[in-house]
Trainee: 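Quick one: this structure, given as structure tokens, is what I'll be asking you about.
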Amino acid sequence: MRLHTRLRYAPAEVRVEKRADGATILRSPQALKPYARAVGDWLVQWHERAPERTFLAERKGEGWRRVSYRDALADTRRIGQALLDLGLGPDKPVAILSDNSVDHALLALGAMHAGVPVAPISPAYSLMSKDFAKLKYIFELLRPGLVFAEQPEMFAPALAAVGATSTPVARLLETHRGATLEAAFSRLAPDTVAKILFTSGSTGTPKGVINTHRMLCANQQMLAQVWPFLEDRVQTIVDWLPWNHTFGGNFCFNLMLRNGGTLYIDGGKPAPGLAEITAKNLREISPTMYFNVPRGFDLLMPMLEQDAELRRNFFRELDMLFYAGAALPQNLWERLEALAVAEKGGNLSMISSWGSTETAPSAAAVHYPIERAGVIGLPNPGCELKLVPSAGKLEVRVKGPNVTPGYFRRDDHTKEAFDEEGYYRIGDAMKFADPAVPEKGLVFDGRVAEDFKLTTGTWVHAGAVRVKLIAAGNPIIQDAVITGHDRDEVGALVFLSPAAPREPAQIRAKLAAALRELAKEPGSSTHPVRLLVMSEPPQIDTGEITDKGYINQRAVLERRAALVQRLHADPPAAEVIGPGG
């Protein structure tokens with residue numbers, strides 16, 4: 001372990017209950033301490049304790065527009081009053097179509113302050129869709145009382161498709177705070193709906209996950225107890241993660257708000273041409289914590305490795321790197337580790353957490369040193385994990401105050417989501433990092449729904465195979481989708497990284513070498529034996545990739561079914577790559 005940290009963590013402890021029915025229950029020995037009643041209570045607190053401190057900042061020309069905690073609360077109150085004057089309430093939510101911005105944040109805070117649910121919706125549904133089918137479905141379900149788009153001219157076709165107009169935040173700010181808002185704020189309860197976050201999952205129409213104030217506030221208290229270092233200094237983040245997802249909108253945003261930190265809104269994205277915007281911001285602002293997804297780290301790494309100024313400023317104040325434990329390839333971990341050792345002498349914490357939109361989002365977190373990617377930690381205080389044997393794996397289910405009560409106006413989806421004991425069926429599998437020492441935590445073991453059987457009846461654990469393939473093909477494979485359901489062999493559709501050579505013969509040789517390396521491991525289900533390189537990147541409009549840069553395995557397999565057929569044809573097509581080239 002070359003990395004070390006001086007950060008304060010909770011002890012690595014867990015209580016394990018083995019049940020007669022074969023299930024295992026995991027709990028933290030820490031009791032969950034009292035937490036805020038509502039998200040707005042945090043804003044009021046920091047308005048009183050540090051009114052001049054910058055809460056939010058976004059690019060304005062070559063500089064930054066900064067909003068203090070004092071001004072954020074004043075604007076939140078004006079907006080909340082305006083929404084109540086317009087007749088909005090629990091059954092008439094606010095819909096936000098555009099990306100992260102200060103106005104987006106103030107509108108969301110104003111809505112939650114007034115007891116009006118806010119529903120941030122993926123901009124891709126408006127800007128990259130041709131038929132607006134998902135957006136139309138969401139609007140039919142939501143029936144919003146107000147719609148906001150930062151640049152209404154860009155969203156004009158989408159707004160027309162759903163028969164809506166965008167209301168400027170500036171117009172709402174013309175309203176003066178009144179007694180109506182104060183009364184509404186005083187009536188907020190932990191079970192008041194704060195947000196409706198839409199997730200489409202693997203297939204089907206988007207589901208509106210109810211996020212209550214209890215969920216959001218309890219979850220931040222859980223994190224504060226396992227990561228007490230959060231309160232040791234004023235935290236600063238530079239963050240692009242979209243607020244229509246729980247990672248950016250709940251985890252990162254609320255982490256700053258609950259602890260009085262500063263959030264610099266990063267206009268970059270994990271895509272070529274946009275990752276450079278992130279790099280520019282990181283040359284100016286030194287974060288104390290940094291959050292990203294594997295694709296984001298993959299694009300940022302070459303810039304960090306080659307640009308000394310960027311590297312120095314990035315690591316100067318950095319205490320913690322946070323990655324998505326389920327998907328970070330080990331080669332990325334090792335490159336990050338090498339930079340941290342070179343720049344900071346290894347004085348850096350690399351940690352992770354695990355959960356979903358339905359768990360607000362953290363159900364488990366790392367709060368001790370780890371030496372490799374994939375470890376997701378131990379259950380948070382107040383949160384129970386139930387491990388249930390399933391197809392040779394341990395399916396994990398979740399219960400706690402951070403778990404959703406269900407799906408907005410879809411009781412059928414709610415009923416399907418919980419087992420007979422009230423545990424949420426998250427759909428992931430876990431295993432112990434060391435079964436003899438459960439305190440070392442859990443390791444993500446793939447999505448239960450993504451695993452499949454070969455014709456031999458052998459299970460293929462797609463997540464594990466994917467991670468091994470990406471590592472073997474480092475650095476030219478950016479992502480891969482594992483194939484072979486009801487077939488004799490495992491295959492993969494491969495998406496190349498920007499580091500891949502341009503010459504097809506070189507690509508073929510490198511991928512063949514990766515297959516030969518993987519073939520040293522016994523077992524037909526543990527590695528692919530044939531690959532097909534994709535010429536078209538995964539498409540966000542068709543659900544193949546999310547706003548965060550994650551591959552949706554099932555959507556890729558469905559959309560590219562003809563390519564899967566070609567990959568597994570016998571004899572193989574000329575473009576199919578095997579161990580022999």
Trainee: Any side-chain heavy-atom pair from W354 and T359 closer than 4.5 angstrom?
Mentor: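 Answer no - side chains too far apart.
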Trainee: Going by an N to O cut-off under 4.0 Å, is there a salt bridge joining K136 and D131?
Mentor: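 Answer for the salt bridge query: no.
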Trainee: With the side chain counted from C-beta on, respond yes when I265 and W243 share a heavy-atom pair under 4.5 Å apart, and no when they do not.
Mentor: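 Yes, side chains in contact.
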Trainee: With the threshold set at 4.0 Å, does a side-chain nitrogen-carboxylate oxygen contact exist between R311 and E343?
Mentor: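 Result for this pair is yes, salt bridge flagged.
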Trainee: Would you call R59 and D266 a salt bridge, taking side-chain N to carboxylate O under 4.0 Å as the test?
Mentor: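 No, no charged N to carboxylate O under 4.0 Å.
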Trainee: Whether E309 and R312 form a salt bridge (side-chain N of Lys/Arg under 4.0 Å from carboxylate O of Asp/Glu) is what I want to check.
Mentor: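 Result for this pair is no, no salt bridge flagged.
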Trainee: Heavy atoms, side chains only, cut-off 4.5 Å: are K468 and E521 in contact?
Mentor: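 With C-beta onward as the side chain, the pair touches.
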Trainee: Between the side chains of E489 and R530, is the shortest nitrogen-to-carboxylate-oxygen separation below 4.0 Å, so that they form an ion pair?
Mentor: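 A salt bridge links R530 with E489.
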Trainee: Please examine the side chains of E575 and V533, heavy atoms only from C-beta on, and report whether any two atoms are closer than 4.5 Å.
Mentor: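 Of all side-chain heavy-atom pairs linking E575 with V533, none is under 4.5 Å.
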Trainee: Taking the basic N atoms (NZ, or NE/NH1/NH2) and the acidic carboxylate oxygens, is any pair closer than 4.0 Å for R559 and E536?
Mentor: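 Looking at R559 and E536, the cut-off is met.
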Trainee: To the nearest 0.5 Å, tell me how far L135 CG sits from F155 CZ.
Mentor: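 L135 atom CG to F155 atom CZ measures 9.5 Å (nearest 0.5 Å).
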Trainee: I'd like to check the side chain to side chain contact (heavy atoms under 4.5 Å, CB included) partners of P501; sequence neighbours left out, ordered by chain and number.
Mentor: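 Counting only residues at least two positions away or on another chain, P501 forms a side chain to side chain contact (heavy atoms under 4.5 Å, CB included) with I476, Q506, I507, K510.
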Trainee: State, yes or no, whether a side-chain contact exists between N281 and Y264 at a heavy-atom distance under 4.5 Å.
Mentor: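 No, their side chains stay 4.5 Å or more apart.
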Trainee: Taking the side chain as everything from C-beta on, heavy atoms only, tell me whether L304 gets closer than 4.5 Å to F314.
Mentor: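 Result yes, sub-4.5 Å side-chain heavy-atom pair found.
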Trainee: Please find out if less than 6.0 Å separates the ring center of F251 from that of F322.
Mentor: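 Between F251 and F322, the centre distance is under 6.0 Å.
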Trainee: Could you check if a side-chain atom of W459 sits within less than 4.5 angstrom of a side-chain atom of S525, using non-hydrogen atoms only?
Mentor: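 No, every pair of side-chain atoms sits at 4.5 Å or beyond.
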Trainee: Output all residues satisfying side chain to side chain contact (heavy atoms under 4.5 Å, CB included) with D419, sequence neighbours left out; order by chain, then residue number.
Mentor: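 D419 satisfies side chain to side chain contact (heavy atoms under 4.5 Å, CB included) with K386, R397, E421, Y423, R425 once adjacent residues are dropped.
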Trainee: Does a side-chain N-to-carboxylate-O contact under 4.0 Å join R554 and E450?
Mentor: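 Judged by the 4.0 Å cut-off on N to carboxylate O distance, R554 and E450 do not form a salt bridge.
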